[in-house]
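Below is one structure; the comments refer to it alone.
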Amino acid sequence: MAGWLDPEDPVLASVTSLARELADPIRLTVLQVLATEGSHTMSQLADALGVSAPRLGNHLARLRTAGLVTVEHSGRHATYRVAEAGIGEVLAALSRFAGGGAADTRPHPRAEVHGLARTCYDHAAGRLGVAVFATLVERGALVPPDGRTAELALGPERSVFAEFGVDPDTVRPGRRKLATACLDRIQRLPHLGGALGREILDAFVERGLVEPRPGTRDLQVTERGLHELPALLPGFAAAAE
């Protein structure tokens, strides 16, 4: 059985090399952001992670050497993106495993600080936002992110939008994108941003499923929401707070 542990085995070497890169929080988060939200410049990544550009530069260089990210130069600007679209699936699987399940919304110690649901700009985040995104992808209404672009494409199955109370064909995004993936900082999985994310949250508020908590970014799941949201979002266990 020594063959199983052959260090020259290409698959084994690739997996152990990836594990070494993912073991660092900065490199892991860089990959999660790029795989979820698309390409970023170094300054955008530094702002998102809250680290200095020189410190980040060392990690980006290591990710490039490992073949996990690529860089494109345009004039004085350098844009980073994931080298392979499949890395997003790996990272999402790890986050789901760490969280206890694909659409698991049970209370987690850090997540409880921010409640069951909250807003990120004008769209739903937290366990509610992640469940919305997962449901749209699983039902074929949304094409999952591949790290190539910031904007998401709509899928062929649109019936779930009607169940949410939204018609994507009538959404007018204006200067913003219709649908984007936004990495949830606590769940480490994407939630839905863009004009469509705003419309879905507005529809949930209008239906009385959630309501804003004044002076905070938290959303209160109402009694009606406690009963109706699990039917709309399979796996969403809306426990009373």
For this session: Indicate if Leu31 and Leu94 have the same hydrophobic cluster label, given that clusters are the connected sets of ILVMFWY residues with side-chain heavy-atom separations under 4.5 angstrom.
Result: yes
Exercise. Has the side chain of Thr36 got a donor or acceptor atom that lies under 3.5 Å from a matching backbone atom of Val33?
Worked result: no
Problem set entry | Counterpart residues, salt bridge (charged side-chain N to carboxylate O under 4.0 Å, His left out), relative to Arg62 (two or more places apart) | Glu21
Exercise. Is a donor on one side and an acceptor on the other found under 3.5 Å between the side chain of Asp218 and the backbone of Arg118?
Worked result: no
Problem set entry | Non-hydrogen atoms of Pro230 and Gly225 that approach each other most closely | CD-O, 3.7 Å
For this session: Assess whether side-chain contact (heavy atoms from CB on, under 4.5 Å) is satisfied between Asp202 and Val205, documenting all intermediate values.
Result: CA-CA 5 Å; Asp202 288 348; Val205 172; 5.6 Å; no
For this session: Answer yes or no: does atom CD of Glu84 have more than 12 heavy-atom neighbours from other residues, nucleotides or ligands under 6.0 Å?
Result: no
For this session: Consider only side-chain heavy atoms of I, L, V, M, F, W and Y, link residues closer than 4.5 Å, and tell whether Leu34 and Leu152 are in one cluster.
Result: no
Seminar exercise, completed: Test side-chain contact (heavy atoms from CB on, under 4.5 Å), reference Leu201, set Leu209, Val210, Asp122, output is Val210
Exercise. So with a 6.0 Å cut-off around CZ of Arg224, is the heavy-atom count from everything else above 12?
Worked result: yes
For this session: Any chance you could measure Leu22, atom CG, to Gln32, atom CD, to the nearest 0.5 Å?
Result: 8.5 Å
Exercise. Just by modelled atom types, is the Gln44 backbone N or O under 3.5 Å from a matching donor or acceptor in the Thr41 side chain?
Worked result: yes
For this session: Determine the minimum heavy-atom distance between Asp9 and Val11, stating which atoms define it.
Result: OD1-N, 3.1 Å
Exercise. Of all heavy-atom pairs between Tyr80 and Arg64, which one has the smallest distance, and what is that distance?
Worked result: CE2-CD, 4.0 Å
Exercise. From His40 NE2 over to Leu45 CG, what is the distance, rounded to the nearest 0.5 angstrom?
Worked result: 5.5 Å
Seminar exercise, completed: Tightest non-hydrogen contact, residues Val51 and Leu56, listed as CG2-CB, 3.9 Å
For this session: List the steps, then state whether salt bridge (charged side-chain N to carboxylate O under 4.0 Å, His left out) holds for Asp146 with Arg81.
Result: CA-CA 10 Å; Asp146 62 6; Arg81 56 172 46 89; over 6 Å; no
Seminar exercise, completed: Heavy atoms of Leu232 and Thr135 approach each other most closely as O-CG2, 3.8 Å
For this session: Search all heavy atoms of Arg139 against all heavy atoms of Ser159 and return the closest pair with its distance.
Result: NH2-OG, 3.5 Å
Problem set entry | No-hydrogen, no-angle side-chain donor-acceptor test under 3.5 Å, Arg198 and His123 | no
Exercise. Are Arg188 and Thr29 linked by a side-chain donor-acceptor pair shorter than 3.5 Å?
Worked result: yes
For this session: Report yes or no: does Thr119 contribute a side-chain atom to a donor-acceptor pair with the main-chain N or O of Arg217 at less than 3.5 Å?
Result: yes
Problem set entry | Co-membership, hydrophobic cluster, residues Leu219 and Leu229, 4.5 Å side-chain | yes
